[in-house]
There are 2 protein chains.
Amino acid sequence: MHGSIAGMEDSKTTDRKIEIIEATTELFLENGFSGTSMSAVAKACGITKATLYHHFPGKDDLFAACVTNGYAAAQDDLKCVVARKDLSATEKLDQAMQRLYESSVSSPVGRMSPLIAEVSRTFPTVARAFHQDYIVPQRALSGQILDEGQQKGEFQEVDRDLFFHLVFGPIVTLSLSREMFATFDDLDRHFPLAQLNDGHRAMILSWLQGTAPQG
Amino acid sequence: MHGSIAGMEDSKTTDRKIEIIEATTELFLENGFSGTSMSAVAKACGITKATLYHHFPGKDDLFAACVTNGYAAAQDDLKCVVARKDLSATEKLDQAMQRLYESSVSSPVGRMSPLIAEVSRTFPTVARAFHQDYIVPQRALSGQILDEGQQKGEFQEVDRDLFFHLVFGPIVTLSLSREMFATFDDLDRHFPLAQLNDGHRAMILSWLQGTAPQG
DNA sequence: GTCTATAAGTAGATAGAC
DNA sequence: GTCTATCTACTTATAGAC
């Protein structure tokens, strides 16, 4: 890690960098961190390694930039839901969870989690940044929905950490499983996204509402 | 992958192999798969690389052996609970979840999950084996408790896949988080094992019992 | 900014003596 | 079974011309 986090030291990240980041993200997702060489990245971008190193001082910086690049989009999605005035807290949570499920298995940043785990050991800085810039805001936004529901009397009082644990736990694990077993031809039978999503949301809502849930 | 899965082709795995496996597991857990070189393994075992390659035909075989080595212990723990005659299904589930929490953050095989994710891309065989030899039996055992509870009328009818999703999801994610952020000095404040364990268990049980849960 | 060329090092894996 | 010595391939990263 040479510069500041994620190679974002320039106030405006150039188009060239964005091109590299997006191409590299694909490679990382497909082959993992250590399975992706800087030569392969350069080749995929149609540039030489030296040029690549001109834009990013090291492989870890490039990786951090890939991770960071996905933050904004993923969080805007959630912010959008939180800000809506026409929805009850219950409806907001329902929509938020639905979007979290979708983005965790389809968006780059969601699919990146196993890679971040891989890299965290060698670059704790990346782990720190991921936590502060992604997990903490994600929690804060979900927490806003919880607060709103409790203030309006829609939800009963629950422990905040437990709430995050029960909401994000199954989502992250499902995303991880689907990445791990991506080569399975019967992936959807083993890890059926829509069905688990529906059941999980229903369970969380009935938990928060203090009503007896239906199996 | 040269021999059969996990280098377990010999009916009796020699003591030497076990020694290597245990030392290597430590290294893998500390530095990841690609962060652990065969030279480092050999050094840690006090042998040369050539000797190491005499025992294990390749790095992937060695890794698979490390993963497989933890299965038995982790599953015996669960089997023990399932087999007890003096416990109700409710009590069994309570104990099983408690043990799953403990083993997922302390036992090698539990802590290995992020590594398996890392390796799965390059060696799908390892992913398959992990699924068939660890996840499937783990699910079967937990499923037995669910069945028992439903037959005895302790639990209401719930979707089986959803049950696994809600039970294992938070546990796996907590384990993954604690591995990812192992370098945090305030790890227990961010991911408090005991507290999340308690809340999660209470939530699952009240869900299965169809009673209104307490926050 | 982009290139060619190459440094400097490490990876997994093997041959063959003892 | 264990060793010494070595091979090939590939890694991240850089120097310096254009």
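Small disclaimer: the values here were computed from a predicted structure and weren't measured.
Under the 6.0 Å cut-off for aromatic ring centres, A:His131 and B:Phe184 qualify, their centroids lying closer than that.
The CD-C1' distance, from A:Glu19 to C:dT2, rounds to 14 Å in whole Å. Atom-to-atom, NZ of B:Lys17 to P of D:dT2 comes out at 12 Å; the value is rounded to the nearest Å. Atom pair A:Phe56:CZ and C:dT2:P shows a separation of 12 Å (rounding to whole Å applied). The OH atom of B:Tyr53 sits 6 Å away from the P atom of C:dG12 (whole-angstrom rounding). Atom pair A:His55:NE2 and D:dT12:C1' shows a separation of 18 Å (rounding to whole Å applied). Rounding to whole angstrom units, CG of residue B:Asp61 and C1' of C:dG12 are separated by 13 Å. In this structure, A:Asp60 places its CG atom 12 Å from C1' of D:dA13, rounding to the nearest Å. Between the P atom of C:dC3 and the CG atom of A:Leu52 lies a distance of 11 Å, rounded to the nearest Å.
Of the possible donor and acceptor atoms, one in the side chain of A:Ser104 sits under 3.5 Å from a partner among the backbone N and O of A:Tyr101. Remark: the backbone N or O of B:Ile171 is not paired with any side-chain donor or acceptor of B:His200 at under 3.5 angstrom. Not a single donor-acceptor pair under 3.5 Å links the side chain of A:Glu22 to the backbone N or O of A:Asn69. Between the A:Glu118 side chain and the A:Ser34 main chain, a donor and an acceptor come within less than 3.5 Å of each other. Side-chain N or O atoms of B:Ser177 include one that pairs as donor or acceptor with a backbone N or O of B:Thr173 at under 3.5 Å.
Relative to the side chain of A:His54, the nucleotides D:dT2, C:dG1, D:dA13 differ in distance, and C:dG1 lies closest. Among the nucleotides C:dA11, D:dT2, D:dT11, the one closest to the side chain of B:Arg16 is D:dT2.
The residue B:Thr36 sits close only to the backbone: its heavy atoms come under 4.0 Å of sugar-phosphate atoms, none of a base. In this structure, A:Ser39 reaches the bases: a heavy-atom distance under 4.0 Å links it to at least one base atom across the strands shown.
Under the side-chain hydrogen bond (donor to acceptor under 3.5 Å, both in side chains) criterion, B:Asn31 pairs with no residue at all, not counting sequence neighbours.
Each end of the helix from C:dG1-D:dC18 to C:dC18-D:dG1 gets its own rotation axis from five pairs of C1' atoms, and the angle between them is 0° to the nearest 10 degrees.
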Tell me, for nucleotides 4-10 of chain D in 5' to 3' order, what letter each nucleotide earns: B for a base near a protein heavy atom under 4.0 Å, S for only sugar-phosphate near one, - for neither?
-> B------

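With a 6.0 Å cutoff to the six-membered ring centre and a 45° limit on the axis angle, B:Lys59 counts as a cation-pi contact of B:Phe33.
Between B:Lys92 and B:Glu148 there is a salt bridge, with a side-chain nitrogen of the basic residue lying less than 4.0 Å from a carboxylate oxygen of the acidic one.
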